[in-house]
2 protein chains.
Amino acid sequence: MITIRDVAREAGVSIATVSRVFNNAEAVATDTRREVRAVATRLGYSPHGTARSLITRRTATIGLILPDLYGEFFSELIRGVDHAVRAQGYHLLVSSSHADRAEVDSAMALMRGRVDGLVVMLPERQQAQVPLVSGRLPLVRLGGAPHNGDADAIVVANRDGARAMVRHLVSLGHTRIGVIAGADANSDADERMSGVRDGLEDAGLGEDALLRVAGDFSEASGFRAAREMLRADPRPTAIFALNDAMAIGALSALRAEGVNVPADIAVAGFDDIPMAQFLDPPLTTVRVDISAMGARAATRVLSHLGNGPSGSGVEIVPTTLMVRRSCGNPGAWSPTIPESLA
Amino acid sequence: MITIRDVAREAGVSIATVSRVFNNAEAVATDTRREVRAVATRLGYSPHGTARSLITRRTATIGLILPDLYGEFFSELIRGVDHAVRAQGYHLLVSSSHADRAEVDSAMALMRGRVDGLVVMLPERQQAQVPLVSGRLPLVRLGGAPHNGDADAIVVANRDGARAMVRHLVSLGHTRIGVIAGADANSDADERMSGVRDGLEDAGLGEDALLRVAGDFSEASGFRAAREMLRADPRPTAIFALNDAMAIGALSALRAEGVNVPADIAVAGFDDIPMAQFLDPPLTTVRVDISAMGARAATRVLSHLGNGPSGSGVEIVPTTLMVRRSCGNPGAWSPTIPESLA
DNA sequence: TTGTAGGCGTTATCAT
DNA sequence: ATGATAACGCCTACAA
């Protein structure tokens, strides 16, 4: 390994001078600077990040802790975080597949001394537990519902999104709506269900307008739920699955039964994954800009590190209603801004 | 910040003893060890990664440099790398959005002293250029075609996969096959096109069996290409798009023209993205296990670091032919192993 | 079994 | 403008 010493010796200067060249270059005479740079390049020297971090007390790295990496959701998320973080000259340390709270805590411990701040997304069902404690590291929690102990958090407007979707369906004339609910103790699912009830209430519709069937966010559960709804009386004219995987399952079930979508039954989803826009049967979804959400979380952490404007508290990421206008024409989606819910 | 000193003082031992407790714990008396652990927990101490790295000369981190993070491809890739890397107790430092070679080189320089090894995927069109040089860091290149200067690389069996698909289509009775080609100077696209010609040659079919239309790997280009093919004479009975995005575009075009898939025209793709399996019109694809590819790259790097069995050179990741057996039944895919191509 | 001390590569402080 | 030197937090011979 070639160190700052080698460069100093070769250039006939002290290591302090070499260091200055690589940091505040102005403080060095032009000739010296040029010579040092030349030697450094010739020797293939570049500063040692770890050693530098030790003395400067900053790693220029943000840690990202995720429950999993499956599907496009996380790639979008990482993309957003990566983008925001790199814009400020930071690196991104990713740690994933943490199924429970103990693993998250150990991942956080492992990151001590390696990162300047943390973005943490907890596994489902672990949201409402003991608050995250990160010592003196800035930490931003991502996803789920807002809860006590959140100093900083970025969450999705699950409730507003579901409410907007129900209002949209009602405005199309649907008065009997099948909702495929999510897993128990899943805060996203709970929030979305609350939004559904809000929407029905807004429209002045009663309990009989809602046909609720349980699901578990899997494609298969959506398939089963939709099949069950077809046998209901009265049969719904619209199906709203509380995530996209279930919506896809529902579409398969409807086609298997020869139901025309959306002429006979409209299908709507809640966008965990951008994939839905490629589906062939028209699917209206509540769209969440995952990438933007990741970027916001990163920006928040960076703000605590003195980069950019400061801020704190819980921030809610808005959702957008996406309606497919035409079929058979790739990319022909147009966004519809949700009606104001004030 | 709470350091090893604090723990030592509080526990009434030397810092050497505390250090030993956290490393080779056996060399410490049971009582001492227990006391130290207790104090450390009470104080919330955990070793400082950076400082430890400096002296041990290992960061326990693998760097992953990617051209982009868009779509499910990269999330699958990261998942594979992360999995392999964590299994050996390593961290993952991700750096992305490197559009050209200069950015890749600078990302590599920035990672010096922060990682023990590198997995690098070059941007398209940059594959055949100057070899990557990483100093003494183990480096594994990912994707594209094998080329000179590759000490270690993991590449996809693009050619074999495309060949297998053509043989499959021919075996179904197709003698006129439309191929939607990929972007110029894209080594993946080139390799796949070669495979197509191999397959036709295997089947003893001549040039007139092939209808080649250019695309650029985008959904829109697949849409246009398929529409063009419908007007060809003789019209193909099967369309093979050299990536999935184009295959999806082709499906849209066929439906817009009222063509029945696969009864009138069969459609096949090449799987960059797992998404394809959720599509409604049956789509046969050459499937690449991206996640496994990432894991292999990571494993290779780790092997140079002394973890696991050693190995080097170019490794080719096989592909699998995926045929949809039935419609309307989610998850009803079954893999077909490609015929031996020896 | 435990403590002492030197050093990992760099930056910051204080001289010159 | 430049140089000598003490940290940064930790690990590891070597000594006790």
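Each chain gets a letter, A, B and so on, in the order its sequence line appears, and its residues count up from 1.
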- Task: Just call it for A/T32: base, sugar-phosphate, or nothing, with non-hydrogen atoms closer than 4.0 Å on any strand.
- Result: sugar-phosphate

- Message: Closest approach to the side chain of B/V28, judged atom by atom: which nucleotide of D/dC10, C/dT2, D/dC8 is it?
- Response: C/dT2

- Criterion side-chain contact (heavy atoms from CB on, under 4.5 Å) against B/Y90, the qualifying member of B/V115, B/V81, B/V301, B/D116: B/D116

- Sugar-phosphate, base or nothing in reach of B/S53, heavy atoms under 4.0 Å: nothing

- Task: May I have the distance from A/R33 (atom CZ) to D/dT2 (atom P), rounded to whole angstrom?
- Result: 10 Å

- Counting just side-chain N and O atoms, does B/R112 come under 4.0 Å of either OP1 or OP2 of C/dT10? yes

- Task: Measure across A/P67 and A/S96 and return the closest heavy-atom pair with its distance rounded to 0.1 Å.
- Result: C-OG, 4.4 Å

- Could you check how far CZ of A/R58 sits from P of C/dT11, rounded to whole Å? 12 Å

- Remember a base hit wins even if backbone is also touched, and classify B/S19 as base, sugar-phosphate or nothing at under 4.0 Å, heavy atoms. base

- Query: Rounded to the Å, how far apart are A/I15 CD1 and C/dA12 C1'?
  - Reply: 11 Å

- Item | Whole angstrom value for the distance that separates P of C/dT11 from CZ of A/R52 | 5 Å

- Note on the structure: Of the listed C/dT2, C/dT4, D/dG3, the closest approach to the B/A16 side chain comes from C/dT4

- Message: Output the rounded distance in Å from CG (B/N23) to P (D/dG9).
- Response: 17 Å

- Task: Would you mind checking if B/D82 and B/R79 are paired as a salt bridge, meaning a charged N to carboxylate O distance below 4.0 Å?
- Result: no

- Closest of C/dC8, C/dT10, D/dC10 to the B/R57 side chain is C/dC8

- Message: Starting the side chain at C-beta, find the nucleotide from D/dC8, C/dT13, C/dG9 nearest to A/M1.
- Response: C/dG9

- Query: Taking atom CZ of B/R5 as the centre, does the number of heavy atoms from other residues, nucleotides or ligands within less than 6.0 Å exceed 12?
  - Reply: no

- Task: Find the distance A/I55:CD1 to D/dG9:P and express it as a whole number of Å.
- Result: 8 Å

- Step by step, would you call A/D150 with A/D152 a side chain to side chain contact (heavy atoms under 4.5 Å, CB included)? CA-CA 5 Å; A/D150 269 339; A/D152 290 273; over 6 Å; no

- Rounding to a whole Å, what distance do you find between B/D6:CG and D/dG9:C1'? 11 Å

- Query: If you check the B/Y45 side chain, which of D/dC10, D/dC11, C/dT10 turns out closest?
  - Reply: D/dC10

- Message: Taking the nucleotide of DNA chain C with the nearest heavy atom to each, does B/R20 or A/L54 sit closer to the 5' end?
- Response: B/R20

- Note on the structure: Rounded to whole Å, CZ of A/R34 lies from P of D/dA1 at a distance of 16 Å

- B/T17 has its side chain closest, among C/dT2, C/dT11, D/dC11, to C/dT2

- Task: Measure from the ring center of B/F74 to the ring center of A/F74 and say whether it is less than 6.0 Å.
- Result: no

- Taking the side chain of A/S14 as its heavy atoms from C-beta onward, which of D/dC11, C/dT10, D/dA4 lies nearest to it? D/dA4

- Taking C/dT10, D/dG3, D/dG9 as options, the one with an atom nearest any side-chain atom of B/H48 is D/dG9

